[in-house]
Amino acid sequence: MVRIFMVRDCLACAIVVACTTAASYAGAEPRAVIELFTSQGCSSCPPADKLLSQFVSDPSLIPISLPIDYWDYLGWKDTLADPRNSARQRAYSRMRGDREVYTPQVVVNGSVHALGSDKEAIEAAIALSRKSGMTLSLPVTMAVADGRVLVSVPGGGDGHSLAEVWICGLIKAATVAIGRGENRGKTITYHNVARHWVKLGTWNGKSESWSLPLQEFDEGIDEAAVMVQGGTVEKPSAMFGAAVAAFH
């Protein structure tokens, strides 16, 4: 299940953090963080899930699959869903003020939404989200050395508002055989599935860093993304910086 926690002690509570091989670094100048809200019980979602798998190979993109639970009543309970993913999607809708909550829906860089199966619409959303000039302008980095994960957010960022720093643990690929509902009989592979969220802290324009022990990682997590996002988890807004790195 995806879990969202406030980190009170960064060294003790950050369970999923991106890491690379020893003494390696994961710096990022990504073009977009793409959050796909999807469901195993939605017949329109498989094309979006497939498109997300194609985005995974683009190093300028950070695609994340967030399975929701509000279609579970249709005859199949999503095996990867968590109600907090649904809450995140609704929070985005409230911030935009459009009440647009559907599947498959993509939210790009925390600010613009598009149909998750429409590649051209997603590309247009990426371009629109970056017009502010502050979107993903912070060069966030992650590094692994001596059994620890280091996360660094630089200072500066003139014009940026207060932001939260989050780590999201990801399962690179999860294959599910769907037994009932609209996708009955289909076997679908979901990519970069969010399984755990940890809040490291807040960023107010000053340089911040965190050091986290490797042994606190959950089993089954293949990679992770770190995101510096304006607003709060209840009122999320634009992404100021992000990076992703594989465990292996």
Asker: Counting C-beta onward and ignoring hydrogens, is there a side-chain heavy-atom pair between S44 and T103 closer than 4.5 Å?
Answerer: no

Asker: Would you mind listing the cluster partners of L61? Hydrophobic ones only (ILVMFWY), side-chain contacts under 4.5 Å, chaining allowed.
Answerer: I34, L36, L51, L52, F55, V106, V108, I122, I126

Asker: Using modelled atom types and a 3.5 Å cut-off, is there a donor and acceptor pairing between side-chain atoms of N192 and backbone atoms of L170?
Answerer: no

Asker: Can you get from V107 to M95 by hopping between Ile, Leu, Val, Met, Phe, Trp and Tyr side chains that sit under 4.5 Å apart?
Answerer: no

Asker: Backbone N or O of S111 within a donor-acceptor pair of the N109 side chain at under 3.5 Å?
Answerer: no

Asker: Does any N or O in the side chain of S65 come within less than 3.5 Å of the main-chain N or O of V193, such that one atom is a donor and the other an acceptor?
Answerer: no

Asker: Heavy atoms only: give me the nearest Q229-G110 pair and the separation to one decimal.
Answerer: NE2-CA, 3.9 Å

Asker: Between S57 and P59, what is the shortest heavy-atom contact and its length?
Answerer: O-CD, 3.3 Å

Asker: Give the minimum heavy-atom separation between N183 and S43, together with the two atoms involved.
Answerer: OD1-CA, 3.5 Å

Asker: In Å, rounded to the nearest 0.5 Å, how long is the span from CD1 of I188 to OG of S53?
Answerer: 11.5 Å

Asker: Below 4.0 angstrom, N of the basic side chain to O of the carboxylate: do E123 and R31 qualify?
Answerer: yes

Asker: Under a 4.5 Å cut-off applied to non-hydrogen side-chain atoms, are W71 and E182 in contact?
Answerer: no

Asker: Within a strict 4.5 Å, meaning less than it, do heavy atoms of the S209 and V153 side chains meet?
Answerer: no

Asker: Is it the case that one hydrophobic cluster holds both I171 and I178, taking links as side-chain heavy atoms less than 4.5 Å apart, direct or via other members?
Answerer: yes

Asker: Please walk me through it: do I68 and N85 pass side chain to side chain contact (heavy atoms under 4.5 Å, CB included)?
Answerer: CA-CA 6 Å; I68 55 83; N85 291 343; 4.3 Å; yes

Asker: When rounded to the nearest 0.5 angstrom, what is the spacing between CH2 in W210 and CG in L150?
Answerer: 12.0 Å

Asker: Within a strict 4.5 Å, meaning less than it, do heavy atoms of the H113 and F37 side chains meet?
Answerer: no

Asker: Please report the interatomic distance CZ(R90) to CD(E234), rounded to the nearest 0.5 Å.
Answerer: 15.0 Å

Asker: Keeping S86 on the side-chain end and D69 on the backbone end, is there a donor-acceptor pair under 3.5 Å?
Answerer: yes

Asker: Please check if the side chain of D78 supplies one atom and the backbone of Q40 the other of a donor-acceptor pair under 3.5 Å.
Answerer: yes

Asker: Does any donor atom in the side chain of T38 or D49 lie under 3.5 Å from an acceptor atom in the other side chain?
Answerer: yes

Asker: Any chance you could measure I62, atom CD1, to E223, atom CD, to the nearest 0.5 Å?
Answerer: 10.0 Å

Asker: Given side chains that start at C-beta, do those of Q89 and L66 come closer than 4.5 Å, heavy atoms only?
Answerer: no

Asker: Residues two or more places apart in sequence or in another chain: which of them pass salt bridge (Lys or Arg N to Asp or Glu O under 4.0 Å) with R96?
Answerer: D98

Asker: Test side chain to side chain donor-acceptor pair (under 3.5 Å) on W203 and E208 and set out the steps.
Answerer: CA-CA 7 Å; W203 179 84; E208 298 283 355; over 6 Å; no

Asker: Looking only at heavy atoms, what is the nearest atom pair of G231 and E164, with distance?
Answerer: O-CG, 3.6 Å

Asker: Is any side-chain heavy atom of W197 closer than 4.5 Å to one of V233?
Answerer: no

Asker: As an exercise, state the distance from CE of M227 to CG of L200, rounded to the nearest 0.5 Å.
Answerer: 10.5 Å

Asker: Taking the side chain as every heavy atom from C-beta outward, state whether L80 and R195 have any pair of such atoms under 4.5 Å apart.
Answerer: yes

Asker: Roughly how far, to the nearest 0.5 Å, is the NZ atom of K199 from the SG atom of C168?
Answerer: 15.5 Å

Asker: Write down the atom of A242, the atom of V33, and the distance for their closest heavy-atom approach.
Answerer: CB-CG2, 3.7 Å

Asker: Could you identify which residues cluster with Y102, counting Ile, Leu, Val, Met, Phe, Trp and Tyr as linked when any side-chain heavy atoms lie under 4.5 Å apart, either directly or through a chain of such contacts?
Answerer: L115

Asker: If we ignore angles and hydrogens, is there a donor and acceptor under 3.5 Å between the side chains of Q105 and Y92?
Answerer: no

Asker: With hydrophobic residues grouped by side-chain heavy-atom distances under 4.5 Å, do V165 and M142 end up in a single group?
Answerer: yes

Asker: Step by step, work out the side chain to side chain donor-acceptor pair (under 3.5 Å) result for T175 and T189.
Answerer: CA-CA 4 Å; T175 300; T189 298; 2.8 Å; yes

